[in-house]
Amino acid sequence: MAEKILVIGAAGQIGSELVLALRKVYGDANVFATDIKDAPPDVKKSGPFQILDVMDDKRLIHFVIRYKITQIYHLAAVLSGNAERLPLQAWDINMRSLLNILDLAREVGVKKIFWPSSIAVFGKTTPRENTPQLTIMEPNTVYGISKLAGERWCEYYVNRYGLDIRSLRYPGLISYKTEAGGGTTDYAVEIFYDAIESGKYECFLKPDTTLPMMFMPDAIKATIDLMEASAGNLSIHSSYNLAGISFDPAQISAEIKKSIPKFQISYKPDFRQAIADSWPKTIDDSVARNDWGWSHEYDLAKMTKIMLKEIKRKL
Ligand code: AKB
């Protein structure tokens, strides 16, 4: 029987690219894109798209039964910056949506679930260089707390009910298709738009704030590779550390200057500086590399060239 895949959050930064990649693998008609907001034209044109609110558990279960869904990718979340503005609302959305999915998967018998975690699960007491898979985790942001709690719930549902749930601790994701929404790593996307449009960018983090980052094609590959990996090879049922590149605002700005010599960056740190200061600088993802053969492709230079080219084209 063909896999029937539901993507929740299909209009977002990851979803808008993941849907197209999944449709190439599983067939356009088998990947059902949903979101609470309208999706980009290529998502709507290439296969089924519906407005669906993940908080509406009754409609969700109806959808899953009606379309005989076998896999769910639940990507909808309130990210770190936005979550600090409305902590209780963010907690409610991030947790209740995940629990809705886990419980309906158990009831209906959905075969596989993907749920994104984040480097935000780590906190100030975590070793910041080469952060190991298993380490101290005391997140100080509501987003990080919800991701850590979510990881524990995922593992609980694996152990208690035998669900197949897979997850990645994404670093900051950089892409040109859909803008990032409300995260602390968003500066590394905004900087490209401002560099092209006005030749200058005011950064909300300090110049030496190193954070783990990844170009979207690597993140999409990691997601599909993990979901395709044989279950017997997977030793982690909370969420895998995942690394691509690490850089700071000064380094990405220097890379942009190679193509736009007049580009100027200035710094005005805001509340997101404290969030960034509590996150790792570099991640040890050797468990992912050993378990399912993960490796990344894009470095800062390669990513910057593509970002500048594609955003220029778009604008
Ligand atoms: C954020 O900055 O909140 C996200 C993340 C690292 O999970 N990009």
Side-chain angles (χ1 to χ4, degrees), residues 9 11-18 73-87 89-91 93-95 97-98 114-124 126 128 131 137 139-151 154 167-193 203-206 209-220 222-223 238-249 252 269-283 285 288 296 298 303 307:
Q13 196 198 5
I14 305 172
S16 62
E17 302 206 26
L18 185 63
Y73 288 71
H74 170 31
L75 308 173
V78 183
L79 298 186
S80 57
N82 280 351
E84 290 310 304
R85 294 185 176 103
L86 286 168
Q89 211 169 316
W91 170 261
I93 293 171
N94 289 356
M95 293 317 298
S97 64
L98 174 63
F114 177 82
W115 174 77
S117 185
S118 160
I119 52 161
V121 292
F122 301 113
K124 276 194 271 204
T126 303
R128 295 187 73 201
T131 303
M137 295 167 98
N140 290 109
T141 62
V142 71
Y143 173 66
I145 300 169
S146 74
K147 287 295 181 191
L148 180 55
E151 286 191 9
C154 287
S167 176
L168 295 169
R169 291 175 182 152
Y170 287 127
L173 298 180
I174 296 163
S175 64
Y176 53 83
K177 187 176 171 189
T178 308
E179 283 175 55
T184 302
T185 56
D186 289 12
Y187 90 84
V189 177
E190 292 170 8
I191 194 170
F192 287 103
Y193 286 87
C203 186
F204 57 76
L205 298 180
K206 290 192 224 154
T209 312
T210 302
L211 286 170
M213 300 279 187
M214 181 175 285
F215 193 32
M216 189 59 87
D218 273 337
I220 299 294
T223 309
S238 52
S239 190
Y240 277 97
N241 273 11
L242 187 72
I245 29 180
S246 278
F247 57 80
D248 64 29
I252 193 172
D270 67 13
F271 71 100
R272 287 167 285 191
Q273 184 65 49
I275 301 179
D277 288 342
S278 76
W279 287 354
K281 291 174 190 276
T282 54
I283 298 282
D285 63 353
H296 73 283
Y298 292 89
M303 180 193 79
M307 285 295 285

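Remember, it's 1-based here, ligands and their atoms both numbered in the order they're listed. No hydrogens, no waters, no symmetry mates; every other heavy atom, side chains included, goes into these values.
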Are any of the side-chain heavy atoms of Arg85 and Phe271 separated by less than 4.5 Å? yes

Can you name the atoms of ligand 1, numbered from 1 with element, that are less than 4.0 Å from a heavy atom of Trp279? 1 (C), 2 (O), 3 (O), 6 (C)

Atoms in ligand 1 with a heavy atom of Leu79 nearer than 4.0 Å: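 Contacts of ligand 1 toward Leu79, numbered from 1: 3 (O).
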
What protein heavy atom sits nearest [atom], and how far off is it?
atom	result
atom 3 (O) of ligand 1	Ser80 OG, 2.5 Å
atom 5 (C) of ligand 1	Ser118 OG, 3.5 Å
atom 8 (N) of ligand 1	Thr185 OG1, 2.9 Å
atom 2 (O) of ligand 1	Thr184 N, 2.7 Å

Would you call the rings of Phe114 and Tyr73 parallel, tilted or perpendicular, where under 30° means parallel and over 60° means perpendicular?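 Ring orientation, 0 to 90° scale: tilted.
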
Classify the ring geometry of Trp279 against Tyr143: parallel below 30°, tilted from 30° to 60°, perpendicular beyond 60°. tilted

Does Ala120 approach ligand 1 within less than 4.0 angstrom via side chain, backbone, both or neither, non-hydrogen atoms only? neither

Indicate yes or no: does Arg169 engage Glu151 in a salt bridge with an N to O separation below 4.0 Å. yes

Heavy-atom pair of closest approach, residues Val121 and Met137: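 Looking at all heavy atoms of both residues, the shortest contact is CG2-CE, 3.4 Å.
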
Is there a side-chain contact (heavy atoms from CB on, under 4.5 Å) between Tyr187 and Thr209 once you walk through the steps? CA-CA 11 Å; Tyr187 90 84; Thr209 312; over 6 Å; no

